[in-house]
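Below: one structure, written as structure tokens.
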Amino acid sequence: MKQQLPTTPGPIGVFDSGYGGLTILSKIRKALPQYDYIYLGDNARTPYGTRSFEIVYEFTLQAVTKLFEMGCHLVILACNTASAKALRSVQTNDLPNMDPTRRVLGVIRPTVECIDTITSSRHVGVLATAGTIKSESYPLEIHKLFPDIRVHGEACPLWVPLVENNEAEGDGTDYFVRKYIDELLAKDELIDTVILGCTHYPLLLPKIQKYMPENITTVAQGELVADSLKDYLHRHPEMDRKCTKGGNCTYYTTEAEDKFIESASTFLNQEVSVQRIEL
Ligand code: DGL
């Protein structure tokens with residue numbers, strides 16, 4: 001039997017496979033501090049980047065359903081892999097049956113919308129998980145808006161595990177940061193803009209900046225997604241009214257609570273409390 005979803009206003013849901021979505025959440029909260037948020041990290045099953053389409057879709061749908069049951073009317077997939085592999089299916093197959101008035105938004109479209117104002121050479125590189133690169137979502141979305149821009153992608157399968165295992169600042173990480181950057185740039189010497197197409201990657205930014213040539217602009221998604229959400233809420237007052245405004249954020253993880261507290265506190269530079277849930 002279909003479960004009745006809460007109809008009263010609720011927080012905005014922010015979902016990621018792990019800690020990466022915290023880089024988006026912190027920019028969203030900076031731009032829109034008045035709203036309430038629920039952050040859900042599926043840390044027990046991260047990474048998603050190497051998983052099949054079917055599994056990423058199944059896990060993402062479980063997370064979205066949970067966030068709806070917790071009272072969210074609007075959910076942001078703060079995860080490129082889920083945005084690439086599951087967003088369209090959730091929007092077209094599931095939302096109409098679950099509740100056609102609820103909304104799920106991704107992070108790829110807001111990231112590419114302004115890319116033509118950043119690149120001069122019109123040659124763009126994308127660093128992302130294997131799943132996102134294989135889905136071709138970045139070239140597809142960019143070409144819908146700017147058909148003349150050349151796009152090359154490089155999968156960075158080890159970056160998410162390094163971040164999830166608190167190795168973002170570790171010495172061994174340098175090797176893999178440099179390797180994927182060099183491999184991407186070797187594909188096209190005209191690349192002048194590189195999109196960090198995974199929400200975990202800003203946590204590696206000091207090392208990425210160390211190895212990215214100075215003439216190349218590195219684009220992180222947080223502020224772009226935050227601006228786009230601000231604009232969305234402005235254009236959709238009916239959704240804005242369904243989002244509570246108390247300035248609070250609650251955190252949920254599918255992994256052990258102490259592990260999340262330790263890592264999330266480092267990434268957010270503040271102590272957070274978290275509850276473990278099952279999806
Ligand atoms: N942070 C995610 C992304 O933006 C997912 C990484 C993963 O779980 O592999 O793609």
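Just the heavy atoms: all of them, side chains too, but no hydrogens, waters or symmetry mates, feed the values below. Remember, it's 1-based here, ligands and their atoms both numbered in the order they're listed.
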Can you list the steps and then say if Asp42 with Tyr252 is a side-chain hydrogen bond (donor to acceptor under 3.5 Å, both in side chains)?
CA-CA 9 Å; Asp42 191 7; Tyr252 294 88; over 6 Å; no
At less than 3.5 Å, what protein N or O atoms come close to the N or O atoms of ligand 1? Include the distances to 0.1 Å.
residue	atom	partner	partner atom	Å
ligand 1	1 (N)	Asp16	OD1	3.1
ligand 1	1 (N)	Thr199	OG1	2.8
ligand 1	1 (N)	His200	ND1	2.7
ligand 1	4 (O)	Asn80	N	2.8
ligand 1	4 (O)	Asn80	ND2	3.1
ligand 1	4 (O)	Thr199	N	2.8
ligand 1	4 (O)	Thr199	OG1	3.3
ligand 1	8 (O)	Ser17	OG	2.6
ligand 1	8 (O)	Tyr48	N	2.6
ligand 1	9 (O)	Tyr48	N	3.2
ligand 1	9 (O)	Gly49	N	2.7
ligand 1	10 (O)	Asn80	N	3.4
ligand 1	10 (O)	Thr81	N	3.1
ligand 1	10 (O)	Thr81	OG1	2.7

Looking only at the side chains, is there a donor atom on one of Tyr138 and Asn80 sitting less than 3.5 Å from an acceptor on the other?
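Asn80 and Tyr138 do have a side-chain donor-acceptor pair below 3.5 Å.
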Would Asn43 and Thr253 count as having a side-chain donor-acceptor pair, cut-off 3.5 Å?
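Per modelled atom types, Asn43 and Thr253 side chains form a pair under 3.5 Å.
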Looking at Asp174 and Lys210, is there a salt bridge between them, counting it only when a charged N and a carboxylate O are closer than 4.0 Å?
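Salt bridge present between Lys210 and Asp174.
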Less than 4.0 angstrom from a charged side-chain N to a carboxylate O is my criterion; do Arg276 and Glu257 meet it?
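Salt bridge between Arg276 and Glu257, a charged N being under 4.0 Å from a carboxylate O: no.
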In chain order, what residues pass the side-chain hydrogen bond (donor to acceptor under 3.5 Å, both in side chains) check against Thr65, with sequence neighbours excluded?
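Listed in chain order: nothing, the list is empty.
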